[in-house]
Amino acid sequence: MKAILLAGGKGTRLRPLTIHTPKPIVPIFDRPFLHYQLDLLKQVPEIDEVILSLNYQPRRIEEIFGDGADSGIAIRYVVEPAPLGTAGAVRYAGESLRESVVVFNGDVLTQVDLGSVIALHRERKARATIVLTPVENPSAYGLVEADERANIRRFLEKPNADEITCDTINAGIYVLEPDTFDRIPKDTPWSIERSFFPSLIDRDETFVAYVYRGYWIDIGTPEKYIQVHRDIMDAKYIGHRGRQAARFAAGPATAFVSPEARVEDGAMLQGPCFIDDGVVVKAGARIGPYSVLGRQCHVEEHAVLEHAIVWANCRISQEAIVRRSIIGRHCHIGRSAIVEDGVVLGDKSVVTDHSRL
Ligand code: GDD
Ligand code: MG
């Protein structure tokens, strides 16, 4: 069985982070995001190949994952000549498939039991099965209504406030029958959410819901990107290899410090936080809760970080403060600068001494 991972979006809501780092490989702690999804797909022994459907900066992704040997699952790349939308991409990537295929949005992190989703699809002899998850506000997602027999009755992408009739949304995980792909026009941008799924309902096909109430998040906005780090530090997401969670399992507020980092005497660490290889934290600096420091970052004397995600190779100068913000690679935060409340800095940004953002 094959899995298609839709990972060709431009990641506009995560800009400027995604200008040099496509969304599928933004780091979550010290691992590119896609690794977490491959861990999930590997839970199903039947899935023997992952097809990565790409078009935005495909080379960057290929360089990391290669043929998948290091990840323990075969990976093939299909690069669209131009973005074909979510359905167009599935058709393009799934052209040669004849058996049921798992399709996954490339930006969701979850612990759903994929094996039982596939089992339900088979049991119901469905043409399509889709994982639903409850959220507080469905407006940023695809709202999906199912009846008591778990048949999908309505699919409405990005509903307006007055159109919200339930709390279940499309979790971006499907099992599909490739012989339905002929409904998707060839080589034309086409949406799985706005066109393909509604067409299954119109034709009264067996279109089934699998409702999942466990951990699920779409990492595609800065708020959610910060939240996923927080959730892992709080052990709300355990993951499949458990490595990330194991780091935070020692207690509710573990400070994970790489053995290859150097935290000087007189620096203060308040867990939970994560300090990667080669990081230097100088005396008097305070790394507050829910902070993440990527490789080779330098935090100088009396700088303060709280709820800050800092990518590799940044310098946070003396007495600077970074709170509730995301800092891209190779940034320089000047002395006594204050960066707070939802700032997102692209790679190589320079914040001059005493600036306030
Ligand atoms: N190959 C390819 N080509 N991939 C694409 C394209 C394309 O043209 N457009 C989007 N994708 C990929 C994105 O990279 C992402 O992984 C996935 O398809 C979904 O696109 P998003 O842009 O992240 O959509 P969304 O988050 O607004 O909404 C989707 O996900 C929600 C769950 O997170 C929809 O599927 C909603 O219905 C759903 O609720
Ligand atoms: Mg998304």
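Numbering of ligands and ligand atoms starts at 1, following listing order.
Distances between N or O atoms of Thr86 and those of ligand 1 include no value under 3.5 Å. Below 3.5 Å of separation, one finds an N or O of Asp107 facing an N or O of ligand 1. Some N or O of Gly106 is nearer than 3.5 Å to an N or O of ligand 1, by distance alone.
For atom 8 (O) of ligand 1, the nearest non-hydrogen atom of the protein is Gly85 N, 2.8 Å. The shortest contact between atom 35 (O) of ligand 1 and any protein heavy atom is with Glu193 OE2, 2.6 Å. Ranking the protein heavy atoms by distance from atom 4 (N) of ligand 1 puts Gly8 N, 3.1 Å first. Distance from atom 36 (C) of ligand 1 to its nearest protein heavy atom, with residue and atom name: Glu157 OE2, 3.2 Å. Taking atom 24 (O) of ligand 1 as the reference point, the nearest protein heavy-atom neighbour is Arg13 NH2, 3.9 Å. Here the protein heavy atom with the shortest distance to atom 2 (C) of ligand 1 is Glu80 OE2, 3.2 Å. Of the protein's heavy atoms, Gly9 N, 3.5 Å lies nearest to atom 13 (C) of ligand 1. For atom 29 (C) of ligand 1, the closest non-hydrogen atom of the protein is Asn105 ND2, 3.5 Å.
Side-chain atoms of Ser53 and Glu80 form a donor-acceptor pair, as typed in the model, at a separation below 3.5 Å. The closest side-chain donor-acceptor pair between Tyr212 and Asp113, if any, does not fall under 3.5 angstrom. A side-chain donor-acceptor contact under 3.5 Å links Arg154 and Thr165.
Close contacts of ligand 1 with Ser53, meaning ligand atoms under 4.0 Å from a residue heavy atom, involve 1 (N), 2 (C). Counting the atoms of ligand 1 from 1 in the order shown, those under 4.0 Å from a heavy atom of Ala89 are 1 (N), 2 (C), 3 (N). Each of the following atoms of ligand 1 lies closer than 4.0 Å to a heavy atom of Trp216: 32 (C), 33 (O). When each atom of ligand 1 is checked for a heavy atom of Val108 under 4.0 Å away, the hits are 33 (O). Annotation for ligand 1: atoms under 4.0 Å from non-hydrogen atoms of Lys23 are 23 (O). Atoms of ligand 1 found under 4.0 Å from any heavy atom of Lys158 (numbered from 1 in listed order, with element): 25 (P), 27 (O), 28 (O). Those atoms of ligand 1 with a heavy atom of Gly142 less than 4.0 angstrom away are 36 (C), 37 (O), 38 (C), 39 (O). Contact atoms of ligand 1 toward Leu6: 12 (C), 13 (C), 14 (O), 15 (C), 16 (O), 17 (C), 18 (O) (distance under 4.0 Å to a heavy atom of the residue).
More than 12 heavy atoms of other residues, nucleotides or ligands shown are found within 6.0 angstrom of CH2 on Trp216.
Taking the centre of each ring, His229 and Phe29 come in below the 6.0 Å mark. In this structure, Tyr174 has its ring center under 6.0 Å from that of Phe197.
Distances from the Mg ion (ligand 2) to each N, O or S atom of Asp107 single out OD2 as the nearest. Among the heteroatoms counted here (N, O or S) of Asp218, OD2 is the one nearest to the Mg ion (ligand 2).
At a heavy-atom cutoff of 4.0 Å, ligand 1 is contacted by the backbone of Leu84 but not by its side chain. At a heavy-atom distance under 4.0 Å, only side-chain atoms of Tyr174, from C-beta outward, approach ligand 1. Under 4.0 angstrom from ligand 1, the non-hydrogen atoms of Pro83 come from both its backbone and its side chain. By the criterion of a heavy-atom distance under 4.0 Å, the side chain of Asp218, and not its backbone, is placed next to ligand 1.
Within the 4.0 angstrom cut-off, atom 20 (O) of ligand 1 has no protein heavy-atom neighbours.
The pair Asp48-Lys2 counts as a salt bridge, with a side-chain nitrogen and a carboxylate oxygen less than 4.0 angstrom apart. Using a cutoff of 4.0 Å between basic side-chain nitrogens and carboxylate oxygens, Asp204 and Arg127 are not scored as salt-bridged. A salt bridge links Arg122 with Glu46; the closest basic N to acidic carboxylate O contact falls under 4.0 Å. A salt bridge links Arg262 to Glu264: at least one charged side-chain nitrogen sits closer than 4.0 Å to a carboxylate oxygen. Salt-bridge formation is not detected for the pair Arg76/Glu62: no Lys NZ or Arg NE/NH1/NH2 atom is positioned less than 4.0 Å from an Asp or Glu carboxylate oxygen. Under 4.0 Å is where a charged nitrogen must lie from a carboxylate oxygen, and between Arg335 and Glu300 no such pair does. Between Glu306 and Arg323, at least one side-chain nitrogen of the basic residue sits less than 4.0 Å from a carboxylate oxygen of the acidic one, meeting the salt-bridge criterion. Checked for salt-bridge contact, Lys224 and Asp107 miss the test: no charged N lies under 4.0 Å from a carboxylate O.
Every side-chain contact (heavy atoms from CB on, under 4.5 Å) that Arg213 has, sequence neighbours left out, goes to Pro134, Val211.
In this structure, Gly220 has no heavy atom closer than 4.0 Å to ligand 1.
Note on ring orientation: taking the six-membered ring where Trp is involved, the planes of His35 and Phe65 are tilted (angle from 30° to 60°).
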